[in-house]
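Note: hydrogens, waters and symmetry copies are ignored here, and every other heavy atom, side chains too, is used. Counting starts at 1 for both ligands and their atoms, in listed order.
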Amino acid sequence: MASEFDLIRRYFERAPKNKRALVGVGDDCALLRPDAGLELAVTTDMLVEGRHFAPGAEPRALGHKALAVNLSDLAAIGAAPRWALLAIGLPQADEAWLKAFAAGFFALAERFGVDLIGGDTTRAPQRTITITAMGEVQASVALYRAGARPGDDIWVSGEIGGAALALAHPEIAEAAKRLHEPEPRVELGERLRGLANAAIDVSDGLAGDLGHILERSRVGAVVEYSRLPRSAAFKSLKNSDLERDCVLSGGDDYELLFTAASARRAEVEALARELGLPLTRIGAVQSGEARLAVLDAKGKPMSFKPAFDHFR
Ligand code: ADP
Ligand code: MG
């Protein structure tokens, strides 16, 4: 039977391509040499079997998603992804599972120039995957949640609600892809530096995540529900309650939600064309209490579910 070290060597040890990792997998620590003048952005996310993914979840997609959710956090602060650490707990040394997991992980890592530089591997009662990702951003240009200003436009990338729709309708292939293999908006995050005033990634639902920007920035906001870009699949379902719950409160979309001065509107639109990624203006930041008003087509405030809470 393969030892812990055989598994690490077989599935996770690859030579770092990024010159600034002096030592990667195989020593006591990874050793990095960040460039002078750059800030290091660091984030971690944990996926637990039975909580964040189903026991039978496809391992290749899981390898992708475990890294994608971390790259999404780096994008939301405007950092360029560079390195990742992977801590993994498994009930047994299932090599077919590890091989597929590593394939999904490295396919995404290579696409964005991320080196796996270390981690930990252990037996555990259930599958648990914790990734720590690090990125670089020039000093003083990172995108904080706290930067929104009254009068800013509010924008969101891509489409939202698709991942949550897949939980209710797993047979809708487009939605299932959004849930299981989200695309982190890495390039957009980097390009929003110096353009956006505040940003966050939509991981827990649009209303809740926008609420985090409002709280940190001490501002309010108005969003027009009809403007929210959503999966075409909702049209044929004709279930307006489900649609509202998915679009306003569904999690796992990993789109970027950001605010920018209204004077920069044309620049945001030009960026959308350049990246081939829709960026939709959904509302505006207002002065006053950190409250979000979502208006329906008649201009009436809508009620919506609170954000997902892992302990509720
Ligand atoms: P230590 O005993 O110093 O914690 P380990 O024996 O746990 O080291 O790990 C050996 C080496 O393999 C270390 O460099 C560690 O970072 C790396 N490593 C362990 N598990 C993983 C993994 N799942 N992915 C990437 N690197 C790993
Ligand atoms: Mg260890």
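Geometrically, ligand 1 and Phe12 share no nitrogen or oxygen pair separated by less than 3.5 Å. Inclusion of Gly26 in the set of residues having an N or O under 3.5 Å from an N or O of ligand 1 is warranted. Close N/O approach between Gly119 and ligand 1 is found [any backbone or side-chain N/O within under 3.5 Å].
Heavy atoms from other residues, nucleotides or ligands lying under 6.0 Å from CZ of Arg216 number 12 at most.
Under 3.5 Å, the side chains of Glu159 and Ser231 contain no donor-acceptor pair of N or O atoms.
Between Met134 and Ile117 the shortest side-chain heavy-atom distance falls below 4.5 Å. Using a 4.5 Å cut-off on side-chain heavy atoms (C-beta onward), Asp252 and Lys65 make contact.
Only the backbone of Asp27 comes within 4.0 Å of ligand 1, judged by heavy-atom distances. Of all the heavy atoms of Thr121, the ones lying under 4.0 Å from any atom of ligand 1 are found in both the backbone and the side chain. Contacts between Asp120 and ligand 1 below 4.0 angstrom, taking non-hydrogen atoms only, involve backbone and side chain alike.
Listed by number with element, the atoms of ligand 1 under 4.0 angstrom from any heavy atom of Ile88 are 23 (N). In summary, the atoms of ligand 1 found under 4.0 Å from a heavy atom of Asp28, numbered by their order in the structure, are 3 (O). With ligand atoms numbered from 1 in the order given, ligand 1 contributes 6 (O) to contacts under 4.0 Å with heavy atoms of Phe5.
Salt bridge annotation for Lys17-Asp115: absent, with no cationic side-chain nitrogen under 4.0 angstrom from a carboxylate oxygen. Under a 4.0 Å N-O distance rule, the pair Glu95/Arg10 qualifies as a salt bridge. Taking the charged nitrogens against the carboxylate oxygens, Glu289 and Arg291 do have a contact shorter than 4.0 Å, which makes a salt bridge. In this structure, Arg244 pairs ionically with Asp241, as a charged nitrogen and a carboxylate oxygen lie closer than 4.0 Å.
Of the candidates Leu86, Val25, Leu116, it is Leu86 that places a heavy atom closest to atom 22 (C) of ligand 1.
A heavy-atom separation below 4.0 Å is not found between Tyr11 and ligand 1.
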